[in-house]
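Below, chain A is the first sequence line, B the second, and so on; all start at residue 1. Only this structure's heavy atoms are used, side chains among them; waters, hydrogens and symmetry mates stay out.
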Amino acid sequence: MDIDDASHEGKGEETKAKRIVVILVGAPGSGKSTFGEQVMRSSTRPWVRICQDTIGGGKSGTKAQCLKSAASALKDGKSVFIDRCNLDREQRAEFVKLGGPNVDVHGVVLDLPAKLCISRSVKRTGHEGNLQGGKAAAVVNRMLQKKELPKLSEGFTRITVCQSESDVEASLNTYSALGPLDTLPNGYFGQKNPDAKIQLGIMKFLKKAEVPAANAVSEAKSIQSSFSPQSIKEMDSSSNGPVNVSSFPENAGDITRLYSGGGLSCNVIANAANWRLKPGGGGVNAAIFNAGGPALEVATKEQAKSLQPGRAVVVPLPSNSPLFSREGITHVIHVLGPNMNPQRPNCLDNDYITGCKVLRDTYTSLFEGFASVARSQEKLAKGSNENHGPNPSELQDHTEGVNMKHSPNNDQKSKREGDHDNDRSKKCKGSQDEVGADIHGSRTGKLEKNNDKIDGSMTKIWGSWAQTLYHIAMHPERHMDVVLEISDNVVVLNDLYPKAKRHLLVLARYEGLDCLADVRKEHLHLLRAMHDVGLRLAEKFLQEDASLIFRLGYHSAPSMRQLHLHVISQDFDSKHLKNKKHWNSFNTAFFFDSVDAIEEVSSNGKATPRDDDESQLSIELRCHRCRSAHPNIPRLKSHISNCRAPFPPALLQSGRLVLAPCNADVGP
DNA sequence: GTTCTAGAAC
DNA sequence: GTTCTAGAAC
C-alpha cells in the first residue's frame, strides 16, 4: 500500500497509522543502538532501525544510503530509528525533512556523561562501528565538542532529552508502549536549558582571565580564591560536555600572571609537574618554576624529591618568591598525570583503563591538596590573627605516597612568620594586621567579610570591577605603575580616568572602610591624614600651575570600593568626563567636601550624606561657577572652558577650594 | 568605574 | 543623518 499517495491526504487520517521518524542523537557509546533495539523488541508497532554503521553491508555506510532506506521504510508504513550520531544540526537536517503530514519527526537525545560514553565505547567488543579502545575517547570527545542539541525549530515535532540512565529508561518505556495507532504529544521534554554546554561559572571565570592574557598556558589549572567549585578551571566530567580541557578557550591566561595580568586574586595554582619535580621541560612546568624563582625550587625540594603519577604535593610558597609577592600565590600544588613516555617511570604502555584511573587519581590528589589549603586557611580566618601562615605539617597529610618530610617544617614556618613581622613592623596601624593576613593568603574570610559588613549596617555587594582600589590599597607595591606615594595610612595614585587636568585619589589603607558611610570617629585621624596628603599634593600642583583650583572630597555613594579622597582640579578639562553622572558626581551634593566630612565626623561621629545620594547624579547640568544650566555634556564643557564667573559663596568658604595665593580669578 | 549600543533627540 | 543619552553588561 502506498500511504504517501496524495489521494489519501486529508481523508481518513484519524484511522490511519501515523509513522514516526525517531532521530537518535548521541555520541558513540550513548546507547542509541540499544535504545532502538529495545523498543523494537517490545513494541507492537512496526519499526526499522537504520544504522549507518551497518547499512553498508559490513562496512560503514553513507548518509545517503540511510536516507534512502528510511524513506522506503516509511513508504512501507513503518516507523524508523535513525541510528547515527546526528550531533549537529546539519547532520540532522536531511532526516528531519522526512517528516510530513503523516510522518512525525521525533528527536531522542541521549545526552549522557561523556565519561560513560567513553567507557562504553572502550569496553564494547562487537560494536558495529568498530570504535574500540583508546581511540574511542578521542573520537567521542571530538564529537561532543560539536554537540548541538536539537531544537523544535529544526522541524522536530517532539524532542526528548535524556541526561541520565533513568531518563533513558523512561523514554524507552514511552516508545515501547506505542501501539501502531498511538501518537505522542508534541513538544520539548527533558532538559531545561537547551543551550547549556558548559557550566556558566567556568565560562565566566575563563572570560575574566582571558582579557589581558599574554601567554597561553592551557594545561594549567588555576583555582580562584573564593574556593567556589565553579571557579575551578577543570576538566569537567560531571557535565555532559566533552571531557577535555581543550574544550575551553586556548588563551585562558598566563597562570603565572593571574593577578598582575588578569586582576584575578588566586591563592593556589596547580602545576602539571614532571616526576623529578624539577624546573624545565617547557610548558606550564617551566613557566611556573621560572616565575616562582629559586625559592619555589627550594620549597618544593623540602616537600618531596619526586612524584608518582596520580599524586600531588602541596608546596607553601615562601614570601621571597615573586609568585608570592607579585601574584599573591600562597601555594603551588604540583601534580603528575599519567605517563605515556617509556623513558620515564610508571609508563602506561597504552593501557587506557589504567590511564583513566591515574588521571582520576591525579585530580583527586589535586583537589585534596587544595581542600587542605582551604581548610587550614579557614581555620586561620576564624582563629587568632597572630598565626598567619598555614601549617606545613597539616598540608603534608595530603601528600601521601610522596617522599614526605615528616619532621615539621619549622625552618620555613619561622621564616615566613619572620617576614611577616618585618612587614608589620613597618606599618604601625592596628588594622594592618589584616593586611598581613591578606598577604599570607587568607582571602576567603576577608572577601566574605568585606562584602558583608561585620556590624550588618550596610551590605553593598561590590562587583569584581569595583575591587581595583581595594587591591591597590592593600598591595600598593604590586601597582607601582600607577601608585605615586605609599605611607602607613594612605596610597596616592592618579585617577585612571581623570576627569580634570589634575585628578588624584588618596586611598585609605584600612580594611573595612569602603566608603564615607563606614567612617566613624575612630577614623578621624585617617580622614585628616588623607586631607593633609591631598592638600600637600594640590599645593605642589599649584606651584607648577598657579591657575589651577582644587577641591577635595568624597563621593557619597562611590562605585569603587575602598574609601578614597578625590583631589580634583576645577577645570574639568578631560576627555574622560563624558556623561551627566561624571559631572554631577563632582558638582552636586553627591560630592562631599573633605573639610565637611572631617567636621561632621568630629561633631556627629559620622558623615551623613545630605541628599539622597544617587538622585543627585541625574539632575540637570549646571556650570559649577555661574550655575547656568546646559542641555548636554558637550555644551556644558564648551561653556565651562570659558566661564570665569566667581565660584558660589559656599565653595569659597571653609577652605573647600584650594588655590594659589595669587589667584584672583576666583571670588567676586 | 568603563564600554557598548539602541534609540531618543536634534 | 548625526549627536547624545542612558541602560545593560562587564
Side-chain angles (χ1 to χ4, degrees), chain A residues 195 198-213 224 226 228 230-231 249 251-253 258-259 261-265 447 450-451 460-476 479 481-483 491-500 502-508 513-518 553-568 572 574-588 590-592 609 613-623 629-641:
Chain A
D195 289 326
I198 296 171
Q199 287 175 5
L200 249 159
I202 291 175
M203 291 316 290
K204 232 176 164 175
F205 170 75
L206 287 174
K207 207 168 170 191
K208 186 176 162 118
E210 204 177 11
V211 179
Q224 215 176 10
S226 64
S228 105
Q230 288 106 320
S231 61
N251 274 351
L258 288 174
Y259 185 77
L264 205 60
S265 291
L447 281 178
N450 286 303
N451 270 336
K460 171 158 181 173
I461 303 294
W462 302 88
S464 58
W465 49 264
Q467 308 283 345
T468 312
L469 298 180
Y470 169 75
H471 288 307
I472 295 173
M474 293 303 143
H475 298 287
H479 301 273
D481 47 335
V482 290
V483 167
V491 173
V492 182
L493 65 150
N494 278 312
D495 193 299
L496 197 59
Y497 298 92
K499 303 298 185 292
R502 293 290 186 185
H503 186 181
L504 299 180
L505 300 180
V506 182
L507 306 187
L513 282 189
D514 286 337
C515 59
L516 200 52
D518 296 335
Y554 301 88
H555 282 160
S556 294
S559 299
M560 306 288 276
R561 175 185 175 193
Q562 196 67 14
L563 182 68
H564 54 281
L565 172 70
H566 290 271
V567 178
I568 184 164
F572 297 106
S574 165
K575 63 174 183 184
H576 296 294
L577 200 159
K578 291 174 177 168
N579 59 44
K580 197 174 239 185
K581 184 176 173 178
H582 291 156
W583 177 259
N584 284 337
S585 71
F586 290 103
N587 293 290
T588 65
F590 188 86
F591 191 81
F592 206 117
D613 320 328
E614 325 246 337
S615 63
Q616 294 289 312
L617 295 176
S618 49
I619 66 175
E620 63 192 353
L621 297 167
R622 282 188 179 274
C623 170
H630 299 269
N632 55 45
I633 289 290
R635 299 268 287 274
L636 173 76
K637 288 177 89 167
S638 154
H639 168 82
I640 58 170
S641 66

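Set against B:dG1, B:dT2, C:dT5, the side chain of A:I633 has C:dT5 as its closest nucleotide. When each of B:dT2, B:dG1, B:dT3 is scored by its nearest atom to the side-chain atoms of A:H582, the top-ranked nucleotide is B:dT2. In the set B:dG1, C:dC4, B:dT2, C:dC4 carries the atom at the smallest distance from any side-chain atom of A:P634. For A:K578, whose side chain is taken as the heavy atoms from C-beta onward, the closest listed nucleotide among B:dG1, B:dT3, C:dA6 is B:dT3.
Formation of a donor-acceptor pair under 3.5 Å by the A:H576 side chain with backbone atoms of A:S574 is not found in this model.
Here C:dC4 presents its P atom at 19 Å from CD of A:E620, a figure rounded to the nearest Å. Here the C1' atom of nucleotide C:dG7 and the CG atom of A:L617 are 14 Å apart, to the nearest Å. Rounded to an integer number of Å, the gap from CG of A:N579 to P of C:dA8 is 15 Å. One atom, CG of A:L636, and another, C1' of C:dT5, lie 14 Å apart when rounded to the nearest Å. Atom CZ in A:R635 sits roughly 9 Å away from atom P in C:dC4 (whole-Å rounding).
In this structure, the ring of A:F592 has its center no less than 6.0 angstrom from the ring center of A:Y554.
Under the 4.5 Å side-chain criterion, counting only non-hydrogen atoms from C-beta, A:H479 is in contact with A:D481.
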